[in-house]
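Note sheet for the following structure.
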Amino acid sequence: MRATVMYGPGDVRIEDVPDSHLVEPTDALVHVTRACICGSDLWPYRSMEPSETGQRMGHEFIGVVEAVGDAVRTVKAGDVVVAPFAWSDGTCVFCHEGLHTSCLHGGFWARDGIDGGQGEAVRVPLADGTLVVLPVGEDDALMPSLLTLSDVMGTGHHAALAARVGPGKTVAVVGDGAVGLCGVIAARRLGAERIVILGRHPDRIALAKEFGATDVVSERGDEAVERVRELTGGFGAHSVLECVGYEQSTITALSIARPGGAVGRVGVPQQKEIPTTLTTFFDNVTIAGGPAPARAYIEELMPDVLEGRIEPGRVFDRVISLDEVPAGYRAMNDRESIKVMIDF
Ligand SMILES: [Zn+2]
Ligand SMILES: [Zn+2]
């Protein structure tokens, strides 16, 4: 079968790899029909150590189940399924607490011998816990939005929950990438009264407004902080969603939370320390967040997608084939594309 393999910065190839097959009785074999490139795939694309053997890629996918192991009960051959960006058993103490990314028996795609989603097929471990059956056909028009349940929509929702978004709140979203845009959707869905998006790409800002952003701050650094303060009566936002992970965006996010507010961090931190520790301490700002337990949110968010209340699939502005994946990475890295979908 063919799959995406990364060998070093800017070096992504589509190659023949060994066919996926069932190994454990709890596995499912999924033939991938849609996948995508993630903003987090760009970190290794820019900075990975060159590797002789390469690194399989992809952690967001939808597919059709081809076969299941003897112990699998909740999915069967022919089912259309979505996979969250981490696999999990659904039965351990952390899965019961809704924190599937900390599953005692789970893990992540495209590492430790597990297939990546940017390939023709994936062996899915712990299929009963990991996969969710979609009640639509494999070519349904809702596929782009359903695919976001793998990661970016669940991650935006997680940021909003960590930032304690609720009715009447003023929310600030730092970052206008796919996760930030989904954060806007999530904030509106949870009843936010005012949603300030911090970003500067006109196409993304336009989409953010359609998703429910009420104000735009295009400044950066201290000027951005100043501007958000102006917009919020001098206090800052109740809830701040940090959807980037850079040191500067984290400082901005922490600096625009009002006293007693909360910051939900879902951008993978690119620095070792949490900045602004003294101000956030004296302002009683809650700092929460981490990798989203996307699996925990699929059942909650899916009805809103199926019934058309949210359209997170609009973050995909380019559709490519598997062969075009290297060009897809380039387009996202060069900011020519918000998010790229692979249609197999
Ligand atoms: Zn992702
Ligand atoms: Zn678990």
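Just follow the structure's listing: the first ligand is 1, and inside any ligand the first atom is 1. Because the structure is predicted, anything quoted here is derived from the model rather than measured.
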* Around the Zn ion (ligand 1), how many protein N, O or S atoms are there at under 2.8 Å? -> 4
* Can you name the N, O or S atom of D89 that is closest to the Zn ion (ligand 2)? -> OD1
* Is the H158 ring parallel, tilted or perpendicular to the Y297 ring (thresholds 30°, 60°)? -> tilted
* Thinking salt bridges, do R314 and E210 make one under a 4.0 Å N-O criterion? -> yes
* To do: Under the side chain to side chain donor-acceptor pair (under 3.5 Å) rule, what do T170 and E193 come out as? Steps first, then yes or no, please.
  => CA-CA 6 Å; T170 293; E193 183 175 298; 5.8 Å; no
* Note: E324-R318 ion pair, threshold 4.0 Å (strictly below) -> no
* Looking at the Zn ion (ligand 2), is one of the N, O or S atoms of C92 less than 2.8 Å from it? -> yes
* V174: which of L241, I256, V217 passes side-chain contact (heavy atoms from CB on, under 4.5 Å) -> I256
* Does NZ or CZ of R13 lie under 6.0 Å from the centre of the six-membered ring of Y7, at an angle within 45° of the ring axis? -> yes
* Is the distance between the ring centroids of Y246 and W43 less than 6.0 Å? -> yes
* **Aromatic plane relationship, F108 with F85 - under 30° parallel, 30 to 60° tilted, over 60° perpendicular** => parallel
* **Metal proximity, C103 vs the Zn ion (ligand 2), N/O/S cut-off 2.8 Å** => yes
* Asked: Taking 2.8 Å as the cut-off, does an N/O/S atom of H96 lie below it from the Zn ion (ligand 2)?
  -> no
